[in-house]
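Heads up, the thing below is written out as structure tokens.
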Amino acid sequence: MKRRDLLKGGILAGALSLLPQGVAQGAPQNLPSLGRRYRNLIVFVYDGFSWEDYAVAQAYARRRLGRVLALERLLARYPNGLVNTYSLTSYVTESSAAANAMSCGVKTVNGGLAIHVDGTPLKPFFAAAKEAGRAVGLVTTTTVTHATPAGFVVSNPDRNAEERIAEQYLAFGAEVYLGGGDRFFNAEKRQDKKDLYAAFAQAGYGVVRTPEELARSNASKLLGVFSDSHVPYEVDRRFQGVKVPSLKEMVRAALPRLASYRNGFVLQVEAGRIDHANHINDPAATLWDVLAADETLELLTAFVDRNPDTLLLVVSDHATGVGGLYGAGRSYLESSVGVDLLEAQKASFEHMRRLLGSSPDPAQVKEAYRAMKGVTLTDEEAERVVRAIRDRVYFPDAVRQGVQPDNTLAWAMVQRNPAKPDRPNIGYSSGQHTASPVVLALYGQGLRFLNLGLVDNTHVFRLMGEALGIRYQNPVMSEEEALEVLKARPQGMRHPEDVWV
Ligand code: ZN
Ligand code: MG
Ligand code: ZN
């Protein structure tokens, strides 16, 4: 198809402004270089983490916890910059296209793992690192088979094919897999009834399912799966007694194992549910997952200090929801109150909804908000929540693109008094990802520059390659070629309720 035909093509033509124009108009390309190699590489991905999330967590840490974020200290003193996140055919990426850009060095269409939309497989960076003798680890708070970790190790046209991805993990043979997703490993839950736990054990893995088993295990290769689906939020682990390991505990188990391999290692750590909390517009779930990430960051920087031949790369894959603390009151003097009000929030909406069941009454809803969110709902607000849970009538209707009942749970308690907040004054743009640039930061010895500047997410691939001395090029696809494939075979990403992207 000719370009001019595409330009006539309505919606598809509208997308054509991504790469070609940027290149044609001479968009500046910043390609910073490390100037040295490292033995180990740790990539810490904050999924769906925006600068607004950073600002809220920074304020909360200072005001309520009396400390400064490890991330703030790192940003103040070590190389950092911004990452453009657009995918091959959309200014708004999702996690697999973002993972592909970082792990494969090329832009792809949203939805597949280390693969182009025409089926051309790409080699993900951790696969190349494994070939070069590095041990490999994946640690996440999502299902361990979710897009961000999976896109660093395997190729699959469908990021949602997590049962299959679990089998691909077995074949790939990383040394450490830690996260959630029992439903993709457990014979009783898998559609094909295969017992992946038995298969991993057969292949020499220690298989652990609880925080205690994780702490006790002395297996050198480890598969840890701690929840049916994603690992519950930190706010629920910390305040509601949900029994799962924290991200920091998982990383603490992974590091010595990986460090014991002679040829060094690559590790992806993912704070994967910042994204989910933001989809829901749940500021407390976001906050505590960011704080849990920060404790993990502290552990990782300490590891780098003790193992100076390690490069730590911290990056977000895109922003989600974008819940910003907005100004309130005269001279905005009331703004920070919204941060303090988060202290009374002791559970996620996910946890609250599980407790409320499928047909709560308004009194139960009010009590749940009072006890777990520190907010007194009006009768009308409580009724709205009841209808969202029971009748699946979501609010606000068609205004915000949140497609989950939990979004209604969030919006039911939106701020009513802009001048004097009695609820956290954190406003969301939507329940979706956004297009804004996100954080990139480095920590390690001998980094010779202090400003990474604005780079493309594909440049993460080059930085990783330079760090380990691994160079290769994956095939590039143009936006026009991708759009032709999509037009011939129209299939969007699946967006069923409760499936996170
Ligand atoms: Zn993501
Ligand atoms: Mg993710
Ligand atoms: Zn997402």
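Numbering of ligands and ligand atoms starts at 1, following listing order. What's counted below: heavy atoms across the whole structure, side chains too, no hydrogens, waters or symmetry copies.
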With Tyr46 via ring pair (Phe, Tyr, Trp, His ring centres under 6.0 Å) - residues at least two apart: Phe44, Phe49
Minimum-distance N/O/S atom that His279 presents toward the Zn ion (ligand 3): NE2
The Zn ion (ligand 1): angle it makes with OD1 (Asp47) and OG (Ser95), nearest 10 degrees: 120°
Carboxylate-amine/guanidinium proximity below 4.0 Å for Glu94 and Arg159: yes
Minimum-distance N/O/S atom that Glu270 presents toward the Mg ion (ligand 2): OE2
Under-4.0 Å salt bridge between Arg354 and Glu350: yes
Metal site the Zn ion (ligand 1): N/O/S of Glu94 inside 2.8 Å: no
Between His318 and Asp47: side-chain donor-acceptor atoms closer than 3.5 Å: yes
Residue Thr148, metal the Zn ion (ligand 1), N/O/S under 2.8 Å: no
Heteroatom test (N, O or S) for Asp47 near the Mg ion (ligand 2), limit 2.8 Å: yes
Plane angle bin for Tyr197 and Phe185 - parallel if under 30°, tilted between 30 and 60°, otherwise perpendicular: parallel
Asp275 atom OD2 and His433 atom NE2 as seen from the Zn ion (ligand 3), angle to 10 degrees: 150°
Taking every non-hydrogen atom, the tightest pair across Leu287 and Leu342: CD2-CD1, 4.1 Å
Contact check: Thr148 to the Mg ion (ligand 2), N/O/S below 2.8 Å: yes
